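This one's a predicted model, so the numbers in the text were calculated from it and none came from an experiment. All values below come from the heavy atoms of this structure, side chains included, with hydrogens, waters and symmetry mates left out. Quick note on labels: first sequence line is chain A, next is B, and so on, each numbered from 1.
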There are 2 protein chains.
Amino acid sequence: MDAQRVAAGQACSVARTVALLSDPWMVLVVRDVGRGIHRFDDLARSLGVARTVLSRRLSTLVGSGILERSDYREPGSRTRPEYHLTRRGRDLGVVLAAMMDFGDRHLAGPEGPPVVRTHAGCGAAVRLVGVCADGHRLGADDRVLLEPGPGATPGSPAPDPEEP
Amino acid sequence: MDAQRVAAGQACSVARTVALLSDPWMVLVVRDVGRGIHRFDDLARSLGVARTVLSRRLSTLVGSGILERSDYREPGSRTRPEYHLTRRGRDLGVVLAAMMDFGDRHLAGPEGPPVVRTHAGCGAAVRLVGVCADGHRLGADDRVLLEPGPGATPGSPAPDPEEP
DNA sequence: CGGTATCCTGAAAGATACTG
DNA sequence: CAGTATCTTTCAGGATACCG
C-alpha cells in the first residue's frame, strides 16, 4: 500500500490532489514553469535536479494535464520544445499560494518573506481567505463545517471543524 | 541533491512548505488529525498505513511543530497519548483547503465533490479567494505580481504572473 | 539543446516480532 | 493500545554515457 495509490483511490479531494503533487519536485516544477521558466535545460539548472528526474517529472505532469509541451519557433532559430501550464496547471496556483501564505507566516526568518505577492494595479499585498457563497469573508474565529457532498462514498466524510 | 534538502534550503516559502509536506502521508495525517482522529491506532486504521511508517511520520510532524503529543486521561481509564494540531498545524488548513478546491474542480467525478465545506452559521459553501490589503477581492482576470520581499536573497525572486 | 538508456546505490516501506 | 527493533526487498535518485 504505497501512499500514492492509497491517496489516489480515496473519495477525498485533498488525497487526490496530494497524489498528483506527491513529490516535492512536482510542486517546484509547477512553480518554476509558472514563473516563466519554460525550457528543459533552464528548469534543470534552476531546480538543481538531475535531468533524468526532471524528464520523468515533466512526463508525469504532462500526462496528468498540468503542463503541456509545445514547440515554439523563434524567428530565425530552429524549433524548441517548451512547457507551459494548462488551465488545470494554473488552477494549482491556489495551492502554491496557500503554501506561500503558510511559509511566510511560519517558515520565514525575522527579515520577512522572500517573495511578496501584490495585486497588479493597486500594488497591495495579497493573501488567501475563505469566503462563503453568501459573500461573508471568513475570519479566524469562523467555523467551517465539513459535510458529505454529492460525490461522497460510504468511506470518507468527516464531522469536524477546520480553520481556513 | 535530494528534493527535500534542496527545497528546505531555498529562499522560497513554497519550497520550504513543500519540504515539510514532502510525503503524501504527511498531508493525510494532518487531514485526519484535523478531522478529529487523535489516536495512533485510529490513525493507522483510517489511513491504511503501516504502523512503523505512521510512527515515523508522527515523530516528524511533532518535531516540526505541526502536531503535539499529549496524554489525556478519560475518567475511569488509564492515560492515553493523543495527537492534536498545534497553531502551526491549524494554519496548514489553508493548504488543505486549497487542495480541496483544486481537487473539487479537477479531480472529482461527475457526481461532484465528496466533501463540502460550509460556513457554520450561514450554511453556505466556502472557497478560497485572494484578497489584497486594500480589500479588493481578486477575480480570475486580476494579475498578481511576484516581487522580491524583505527576506529575499540573491537567489530566488521571480518577475512573472500567477493566478490566485 | 533536449532528451533517453543503463546501471549502481542508498533510503525507506512494510512484514514480523517483540515490549510496556 | 501504542509503539520500537529488526530485517528484507523494492524502488527511485542520480551519475554516466549516448542519440537526434
Side-chain angles (χ1 to χ4, degrees), chain A residues 1-9 15 18-29 32-33 37-64 67-84, chain B residues 1-9 15 18-29 32-33 36-63 67-84:
Chain A
M1 301 292 168
D2 108 277
Q4 208 79 277
R5 247 157 280 276
V6 167
V18 97
L20 239 55
L21 298 181
S22 51
D23 183 90
W25 292 126
M26 295 290 195
V27 180
L28 299 181
V29 168
D32 277 6
V33 172
I37 305 179
H38 301 293
R39 301 222 284 259
F40 188 90
D41 267 31
D42 292 340
L43 287 166
R45 245 191 312 278
S46 157
L47 293 166
V49 63
R51 297 157 60 82
T52 43
V53 174
L54 176 59
S55 179
R56 286 195 282 263
R57 293 297 179 280
L58 288 171
S59 300
T60 305
L61 289 167
V62 169
S64 50
L67 297 184
E68 65 187 347
R69 195 190 124 139
S70 47
D71 283 3
Y72 274 89
R73 173 183 306 278
E74 297 156 37
S77 346
R78 64 181 173 80
T79 159
R80 295 172 176 293
E82 288 197 348
Y83 294 89
H84 287 266
Chain B
M1 299 293 169
D2 111 276
Q4 207 79 278
R5 246 158 280 278
V6 168
V18 97
L20 239 54
L21 298 180
S22 51
D23 183 89
W25 292 127
M26 295 290 195
V27 178
L28 299 180
V29 168
D32 277 5
V33 172
I37 305 179
H38 300 294
R39 302 222 283 259
F40 188 90
D41 267 30
D42 292 339
L43 287 166
R45 245 190 313 278
S46 157
L47 293 167
V49 63
R51 299 158 59 83
T52 43
V53 174
L54 176 59
S55 178
R56 287 194 282 262
R57 292 297 180 281
L58 287 171
S59 301
T60 305
L61 288 167
V62 169
L67 297 183
E68 66 187 346
R69 195 190 123 136
S70 47
D71 283 4
Y72 274 89
R73 174 183 305 276
E74 295 156 37
S77 348
R78 64 180 173 80
T79 159
R80 293 173 177 292
E82 288 196 348
Y83 294 89
H84 286 267

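- Not one side-chain nitrogen or oxygen of Arg39(A) sits closer than 4.0 Å to the OP1 or OP2 atom of dC1(C).
- Computed from coordinates, the Asp41(A) CG to dG2(C) P distance equals 5 Å when rounded to whole Å.
- Atom CZ of Arg5(A) is separated from atom P of dG14(C) by 11 Å (rounded to the nearest Å).
- Distances from the side chain of Ala50(B) to the nucleotides dG3(D), dG2(C), dG14(C) place dG14(C) closest.
- Here the CG atom belonging to Leu20(B) is positioned 7.5 Å from the CE atom belonging to Met26(B), to the nearest 0.5 angstrom.
- Here Arg51(A) does not reach the OP1 or OP2 of dG2(C): none of its side-chain N or O atoms lies under 4.0 Å away.
- Note: CG (Leu54(B)) to C1' (dA15(C)) measures 16 Å, nearest angstrom.
- Comparing Ser59(A) and Arg78(A) by the nucleotide of DNA chain C whose heavy atom lies nearest to each, the residue mapping closer to the 5' end is Arg78(A).
- Nucleic acid contact for Arg80(B): sugar-phosphate only, since backbone atoms but no base atoms lie under 4.0 Å from a heavy atom of the residue.
- For Asp23(A) and dA11(C), the CG to P distance is 17 Å, given to the nearest whole Å.
- No donor-acceptor pair closer than 3.5 Å links the side chain of Ser55(A) to the backbone N or O of Arg51(A).
- Atom CZ of Arg56(B) is separated from atom P of dA5(D) by 12 Å (rounded to the nearest Å).
- dC1(C) atom C1' lies 10 Å from atom CG of Asp42(A), rounded to whole Å.
- When each of dG3(D), dA12(D), dA15(D) is scored by its nearest atom to the side-chain atoms of Arg57(A), the top-ranked nucleotide is dA12(D).
- Using the six-membered ring where Trp is involved, His84(A) and His38(A) have ring planes that are parallel, under 30° apart on the 30 and 60° scheme.
- Asp71(A) comes within 4.0 angstrom of nothing in the nucleic acid, heavy atoms only.
- Side-chain N/O atoms of Ser70(B) and Glu82(B) include no donor and acceptor closer than 3.5 Å.
- With respect to the salt-bridge test (charged N to carboxylate O, under 4.0 angstrom), the residues Arg80(B) and Asp71(B) do not qualify.
- Put simply, Tyr83(A) has a side-chain N or O that comes within less than 4.0 Å of OP1 or OP2 on dG3(C).
- Applying the 4.0 Å criterion to OP1 and OP2 of dG3(D), one finds that Ser55(B) has every side-chain N and O outside that range.
- Nucleotide dC1(D) holds its P atom 16 Å from the NE2 atom of His38(B), rounded to whole Å.
- Comparing dG3(C), dA2(D), dA5(C) by their closest approach to the side chain of Arg69(A) singles out dG3(C).
- dA2(D) atom P lies 9 Å from atom CZ of Arg45(B), rounded to whole Å.
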